[in-house]
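This report concerns only the one structure given below.
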Amino acid sequence: MKEMKFGIKKAKATAIVLLCTASLTACGGQTNINEELPKNSQAPVVEVQPPSPIAGGTLKLSMRYPLTLNPLLNEDATVDGVLKLVFEPLVALNEQQKPTPNLASSVNFASDGLSAVITIKDGLKWSD
């Protein structure tokens, strides 16, 4: 019985010490940034030059491993984003997922929806 009373007293003393330590560390003063600077001082002005392009180098793009580089057969959105940097689409989709001309000057769909007539912009050259 004597050992149990001593154990309870020791546990209470440990708890009190922990609470006092926690309360003292939590009550640290907060620093106000405005009080550290003189009232009339201004922050230093640093001029930042915009980056200028450098010839050469490597452009790294993030995408999954492509199963194909053919934009007509590709099914991966990450690969599609990179392929659009290489292959310019005739028609792009807007926010409402409706086709809008890109390299095409116009797109006309048949009334049955099974075909379309795409007119290419003047001055474009086809390449293989």
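Since the model is a prediction, treat every value here as computed from it, not as a measurement. Heavy atoms only: backbone and side chains are in, while hydrogens, waters and symmetry mates are out.
- Looking at V86 and L69, their side chains never come closer than 4.5 Å, going by heavy atoms from C-beta outward.
- V82 and L67 fall into different hydrophobic clusters, where Ile, Leu, Val, Met, Phe, Trp and Tyr residues are linked whenever their side-chain heavy atoms come under 4.5 Å apart, directly or through other members.
- For the atom pair OG1 (T68) and CG (D76), the distance works out to 11.5 Å, reported to the nearest 0.5 Å.
- Put simply, CG on L83 and OG1 on T78 are 9.5 Å apart, with the number rounded to the nearest 0.5 Å.
- Looking only at distances, no side-chain donor or acceptor of T119 sits under 3.5 Å from a matching main-chain atom of S105.
- Hydrophobic cluster membership is shared by I120 and V91, with clusters built from Ile, Leu, Val, Met, Phe, Trp and Tyr side chains linked at under 4.5 angstrom.
- Atom CG of L103 has more than 12 neighbouring heavy atoms from other residues, nucleotides or ligands inside a 6.0 Å radius.
- Within the 4.5 Å cutoff, the side chain of N102 has heavy atoms near those of the E88 side chain.
- At a threshold of 4.5 Å between side-chain heavy atoms, the hydrophobic network of Ile, Leu, Val, Met, Phe, Trp and Tyr places L61 and V79 in one connected group.
- Contact between V107 and A104 at its shortest, heavy atoms only, is CG2-CB, 4.4 Å.
- Other residues, nucleotides and ligands contribute more than 12 heavy atoms inside 6.0 Å of the CG atom of D112.
- Counting non-hydrogen atoms of neighbouring residues, nucleotides and ligands closer than 6.0 angstrom, the CD atom of E47 reaches no more than 12 such neighbours.
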